[in-house]
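Notes follow the structure.
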Amino acid sequence: MIRKQRERGRKGSPIHIRGHIRLLVSLMKRQILCSQSKALLLLYLYKYKYNNAAALPSVGIRKLPLSAQMGSSATPADSYISEGEDHIIQDKDLLRRTDSGTTGSLHVLEDLVNRASLEADRTLCNKLLNKCTQSGQLKQARIVHAHILTSTFNDDLPIHNTILNTYVKCGSLDDAHKLFDEMPHRDLVTWTALISGYSQHDRPEEALVLFPQMLRHGLQPNQFTLSSLLKAAGAGPDPDDKHGRQLHAHCFKCGFDSNVYVGTSLVDMYARCGRMDESQIIFDALDTKNEVSWNALIAGHARKGQGEHALRLFWKMLRGGFNPTHFTYSSVFTVCASAGSMEQGKWVHSHMIKSGVNLVAFVGNTLLDMYAKSGSIDDAKKVFDRLVRRDIVSFNSMLTGYSQHGLGKETVQLFEQMLRIGIQPNDITFLCLLTACSHARLLDEGQYYFHLMRKRFKIEPQVWHYVTMVDLLGRAGLLDRADKFIREMPIEPTAAVWGALLGACRMHNNIDLGAYAAERAFELDPYDSGPYIILANMYASAGRLNDAAKVRKMMKESGVKKEPACSWVEIENAVHMFVANDDAHPQRAEIYRMWEMISKKIKEVGYVPDTSHVLFFVDQQEREVKLQFHSEKLALAFALLNTSPGSTIRIKKNIRVCGDCHSAIKYVSKMERREIIVRDTNRFHHFRDGSCSCGDYW
DNA sequence: TTCTTAATGG
């Protein structure tokens, strides 16, 4: 009790400062305080501000012309934290120079200056640390920490825990761990703060090893510890559920599994380990669920590519009376983006507008991506323009959109705009930019940006940047330069690098270099069917059927399976899938009849089936028959049967569209007066009035 | 004083 009183009146404590300010104000009112000495008031203001800002106007200090007194170095109390220690020292110097006058207040002031030690009190330190935590200012946190080390409350455990947490939130786990090691005493909060630090900053292994150590110190985890540990268990490089299961047992034993935080973390952990069934069981068993629990489950299905399931859960969540959050919308838009289901995405978008959720980058980026990936680049741009705050991901998403739609000029313009605004590009930005240059035949621009990336932005190109450069050079027909470029790469070329060269060789019919590139690709990744198929097709279309057969045999022997080609088309909120020569579809007969009719009609206006893309069909007529039933053709016939005249048709494909289909779709777009948008593995084709946006360059 | 959920590439 006595100690408490002493502490309350100690110098630096709020009461102490308040008293000083009152005294100073009264001196000032009686004209005893000379003008220079008002600097002293500023010093007190610094301290006072953080204790009770609301009380300031009542003592009239705000009316002081502080900046006039302090010259250009004047610092408003608000910016104390961000300006740091230098200014405090500066103010001290000012104080020393204060009061050369000989007023009767001299003694009083001298006394005050001496007593105005900068030692902070506990409340002030907590507030300062809090502010550092919120704004992530590590440097200031270290200064406050230094003050605390020389203070009388240095052996205080809670304040050390707060510092540790501040370091964590400022992103410096080194500082946090160092403090942890130096601390004379640690409690559960200390351990938990460090564990959660590693887990939040994506260093799961380091979080997990702390757990057994903590147990050895005789501490039992609580809900905070367990949820952090579960997050770490689900985030491992190769998330296995060994840690997860042990933790689950621990949660169960201590009865924490019914806690919302721990329960939700369990749902999330199993979902990240790919065990959706167990995730669902835990979710169902939760007495108390919140939005986060739903989001974790929905995101889990979305990540696993179970889009339909995720959407069903979304509707269920709504029916259950839960309000979707940014996270929910974000997952749902991602699902719609990868399925190319724009109609459902639009519906959810309108739902989001009605619910009043702001179009911030967090959710806007995924919405933008959804429109771009569904083929509507105009809607994507609208979303981009309306975003409340654009971040690097917003720009990257928009750049990706442009580049996939073959809009090279727009990509370059947006990139330049981004630089003007002062947003730092990252490696993904450059990947989009280079891809755009490649797709739009912007050879010089592509090479220029590749150098710029290194020189001006100090971003070391990753293997994917090299792949794109090989693609850029190769597409432009500079096959030898592309080959040389690969040989001069500072990093080892991967199968994808050689694959890019192979693709270019196919485009420019260079079989020898193509065969060489394919060999390298086989060596580096024998399990990818792509290069085998391309090479075999190249041989086949050059009439070298024996060589084609050899490649095919090689592929068979290495046990590679060709991924079946399929196409998807969305009709009235349902996505329909087609495989080549589909014979299981309920509307099969109509679809085939439809295509035969179309085929006949477009042949009359000039369509010539190109059979060079088909392997091993000796007889010309048979070749043509097989060719007719590529999945995108079936999807197109189906869409023509089931949509109203004039409406846009959007088709998604899992491999690159073949030359014959590309040609056929061009004719169909003209004849049927339809806009047809085909999304293949690396770009969009907008067919309109007989031509394609890719300019037959893909 | 300590806790859970999303997004951009090929």
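Protein chains get the first letters and strands the later ones, always in sequence-line order, with residue 1 at the start of each. As a basis for the values below, the full set of heavy atoms in this structure was taken, side chains included, without hydrogen atoms, waters or symmetry mates.
Two rings, from A:Phe256 and A:His250, have their centers 6.0 Å or more apart.
The ring-ring contact (aromatic ring centres under 6.0 Å, His included) test applied to A:His177 returns A:Phe180, A:Tyr198, not counting sequence neighbours. Considering only residues two or more places apart in sequence or on other chains, A:Glu460 meets the salt bridge (Lys or Arg N to Asp or Glu O under 4.0 Å) condition with A:Arg454.
An OP1 or OP2 oxygen of B:dA6 is reached within less than 4.0 angstrom by a side-chain nitrogen or oxygen of A:Arg272. Side-chain N/O atoms of A:Thr334 include none lying less than 4.0 angstrom from OP1 or OP2 on B:dA6. When the side-chain nitrogen and oxygen atoms of A:Gln200 are compared with OP1 and OP2 of B:dT4, one or more of them lie within a distance under 4.0 Å. For the OP1/OP2 pair of B:dT5 and a distance below 4.0 Å, the side-chain nitrogens and oxygens of A:Arg303 include no atom meeting the criterion.
In this structure, the nucleotide among B:dA6, B:dT5, B:dA7 sitting nearest to the side chain of A:Thr325 is B:dT5. Nearest to the side chain of A:Ser330, among B:dG9, B:dA7, B:dT2, sits B:dA7.
Counting any heavy atom pair closer than 4.0 Å across all strands shown, A:Val189 reaches a base atom. Counting any heavy atom pair closer than 4.0 Å across all strands shown, A:Ala496 reaches no nucleic acid atom. Residue contacts for A:Thr225: at a heavy-atom cut-off of 4.0 Å it reaches no nucleic acid atom on any strand shown. When heavy atoms are screened at a 4.0 angstrom cut-off, A:Lys373 is found touching the sugar-phosphate backbone but no base atom.
For the pair A:Lys178 and A:Asp174, the salt-bridge criterion is not met [side-chain N within less than 4.0 Å of a carboxylate O].
Shown for residues 357-366 of chain A: residues whose heavy atoms fall under 4.0 angstrom of DNA chain B, namely A:Phe362, A:Asn365, A:Thr366.
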